[in-house]
2 protein chains.
Amino acid sequence: MRIGELADEAGVSVRALRYYEEQGLLTAERSGSGQRHYGDAAAERVRLIQLLYSAGLTSRTIADLLPCVDAKVSTPESRARLAAERDRIDTQIAELTKTRDRLDAVIALSTAPESNCVVALA
Amino acid sequence: MRIGELADEAGVSVRALRYYEEQGLLTAERSGSGQRHYGDAAAERVRLIQLLYSAGLTSRTIADLLPCVDAKVSTPESRARLAAERDRIDTQIAELTKTRDRLDAVIALSTAPESNCVVALA
DNA sequence: CTAAAACCTGACGCTGACGTCAGAGGCAAG
DNA sequence: CTTGCCTCTGACGTCAGCGTCAGGTTTTAG
């Protein structure tokens with residue numbers, strides 16, 4: 001599988017794939033002429049990377065976590081790292097939920113037929 | 001209340017407050033010499049702004065939404081805007097939850113006493 | 001065999017939310 | 001009245017995750 005094909009399949013740009021490699025998130029075999037070749041598992045891996053990015057993790061953090069996910073190496077540090085990120089995400093979910101509820105309240109107010117607004121804000 | 005005091009109380013930098021004003025998110029009265037002065041409600045407003053930022057909204061979006069929150073102006077457009085952002089956040093929560101569960105699975109694997117790993121990944 | 005399409009390696013550009021430094025003025029305390 | 005902290009307005013710096021262009025090689029289709 002060449003880079004363009006993988007890009008299509010995983011729904012990202014070719015540039016992004018090269019960037020992931022540069023950041024140590026994705027490895028590729030090279031043909032004699034230097035072209036990258038990927039196995040079938042690559043697409044799934046790219047989707048995982050995207051998932052972690054979309055959760056707000058940085059390249060550095062993902063690079064730290066992926067070996068834990070892959071090799072099942074289980075040092076106390078790696079477990080701590082995973083747990084820490086998990087908790088960070090949990091916190092973020094809580095914040096987002098708060099924000100969503102806040103927006104819901106505003107929406108309810110602006111939709112409701114002129115009821116007791118100020119009270120509802122509290 | 002002057003800008004430094006507000007910054008302390010709201011837990012943000014002075015620079016950030018000036019930036020918020022520049023983006024039209026926060027207004028201040030000016031003393032004769034040009035110094036900013038804020039009312040007591042300002043701290044709460046700054047925290048709201050921070051909440052929205054942390055939910056991934058941009059300055060532009062927040063600037064669009066705040067008038068709806070404030071003035072309770074309820075045009076069809078504003079309601080649509082609010083609902084759209086609400087849905088975006090909902091989607092983001094779903095993604096984060098997915099990511100967290102994924103991490104939980106990995107953690108369970110690396111913690112578990114050598115059980116049937118591969119099966120559990122599916 | 002050739003032209004198009006895909007790939008390669010730099011390397012600079014971009015956006016958003018500030019950090020930071022420069023140079024100058026304002027304000028309460030001793 | 002001056003010392004020291006706070007504030008002001010520019011304006012440039014930063015960092016991440018790519019986009020994009022340049023200039024050159026490689027693979028594929030006809």
Side-chain angles (χ1 to χ4, degrees), chain A residues 1-39 42-43 45-66 85 88-89 92 95-96 99, chain B residues 1-39 42-43 45-66 85 88-89 92 95-96 99:
Chain A
M1 200 183 214
R2 286 162 53 180
I3 196 171
E5 199 178 344
L6 175 57
D8 284 354
E9 191 159 324
V12 302
S13 72
V14 167
R15 177 68 173 95
L17 294 179
R18 296 204 187 103
Y19 179 73
Y20 297 164
E21 182 173 334
E22 191 181 316
Q23 300 299 308
L25 310 180
L26 188 62
T27 57
E29 316 232 325
R30 296 300 187 114
S31 73
S33 60
Q35 301 211 347
R36 294 170 178 85
H37 285 273
Y38 301 91
R45 185 177 186 84
V46 171
R47 276 189 286 266
L48 173 58
I49 292 173
Q50 285 282 101
L51 187 67
L52 295 175
Y53 269 128
S54 73
L57 307 201
T58 69
S59 294
R60 178 83 171 102
T61 306
I62 298 178
D64 287 353
L65 293 188
L66 279 183
E85 286 307 322
R88 217 187 48 74
I89 292 175
Q92 202 177 339
E95 285 236 325
L96 282 174
T99 306
Chain B
M1 200 183 214
R2 284 162 52 178
I3 196 170
E5 200 176 346
L6 176 58
D8 283 354
E9 192 158 325
V12 303
S13 71
V14 167
R15 177 66 173 97
L17 293 179
R18 296 205 188 102
Y19 178 73
Y20 297 165
E21 181 173 331
E22 191 181 314
Q23 300 299 308
L25 309 180
L26 188 63
T27 56
E29 317 233 324
R30 297 299 188 114
S31 73
S33 60
Q35 301 210 346
R36 293 170 178 85
H37 285 274
Y38 301 92
R45 185 176 187 87
V46 171
R47 276 188 286 265
L48 173 58
I49 293 173
Q50 284 282 100
L51 187 67
L52 294 174
Y53 269 128
S54 72
L57 307 200
T58 69
S59 295
R60 179 84 170 100
T61 306
I62 298 177
D64 288 352
L65 294 188
L66 279 182
E85 288 305 324
R88 218 187 45 75
I89 293 175
Q92 202 177 337
E95 286 236 324
L96 281 175
T99 306

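Note on naming: letters A, B, ... go to the chains in the order of the sequence lines (proteins, then strands), and numbering restarts at 1 for each one. Below, all heavy atoms of this structure are taken into account, side chains as well, without hydrogens, waters or symmetry copies.
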Toward the 5' end of DNA chain C, which comes first, A:Y38 or B:R60, by nearest nucleotide?
A:Y38

Heavy-atom nearest nucleotide on DNA chain C for A:R15 versus B:Y53: which residue maps closer to 5'?
A:R15

What is the separation between atom CD on B:E21 and atom P on D:dG10, rounded to the nearest whole Å?
12 Å

Please report the interatomic distance [atom1]([X]) to [atom2]([Y]), rounded to the nearest 0.5 Å.
X	Y	atom1	atom2	value
B:L52	B:I62	CG	CD1	5.0 Å
B:L17	B:L6	CG	CG	5.0 Å
B:M1	B:D8	CE	CG	9.0 Å

Base, sugar-phosphate, or nothing for [X], non-hydrogen atoms under 4.0 angstrom?
X	result
B:T58	sugar-phosphate
A:I49	nothing
B:R30	sugar-phosphate
A:L57	sugar-phosphate

Name the atoms and distances for all side-chain donor-acceptor pairs under 3.5 Å in residues 20-27 of chain B, with sequence neighbours left out.
unit_1: B:Y20; atom_1: OH; unit_2: B:Q50; atom_2: OE1; d: 2.5
unit_1: B:E21; atom_1: OE1; unit_2: B:R36; atom_2: NE; d: 2.7
unit_1: B:E21; atom_1: OE2; unit_2: B:R30; atom_2: NH2; d: 3.0

Using the salt bridge (charged side-chain N to carboxylate O under 4.0 Å, His left out) criterion, which residues pair with B:R88? Sequence neighbours excluded.
B:E85

Quick one: list whatever passes salt bridge (charged side-chain N to carboxylate O under 4.0 Å, His left out) with B:R2, sequence neighbours left out.
none

Distance test, side-chain N/O of B:S33 to OP1/OP2 of D:dC8, below 4.0 Å
no

Minimal non-hydrogen separation, B:A55 against B:Q92, with atom names:
O-OE1, 3.5 Å

Report the C-alpha distance between A:S13 and A:Y19 in whole Å, list the side-chain angles of each, state the deciding distance to 0.1 Å, and finish with yes or no for side-chain hydrogen bond (donor to acceptor under 3.5 Å, both in side chains).
CA-CA 10 Å; A:S13 72; A:Y19 179 73; over 6 Å; no

Would you list the pairs meeting salt bridge (charged side-chain N to carboxylate O under 4.0 Å, His left out) in which at least one residue belongs to residues 47-56 of chain B, sequence neighbours left out?
B:E44-B:R47

Does anyone know the first and last nucleotide of DNA chain C in reach of chain B, 5' to 3', at under 4.0 angstrom to a heavy atom?
C:dA17 to C:dC27

Could you list, one pair per line, each protein nitrogen or oxygen that sits under 3.5 Å from a nitrogen or oxygen of nucleotides 3-7 of chain D, together with the distance?
unit_1: D:dC6; atom_1: O3'; unit_2: B:R2; atom_2: NH2; d: 3.3
unit_1: D:dT7; atom_1: OP1; unit_2: B:G4; atom_2: N; d: 2.7

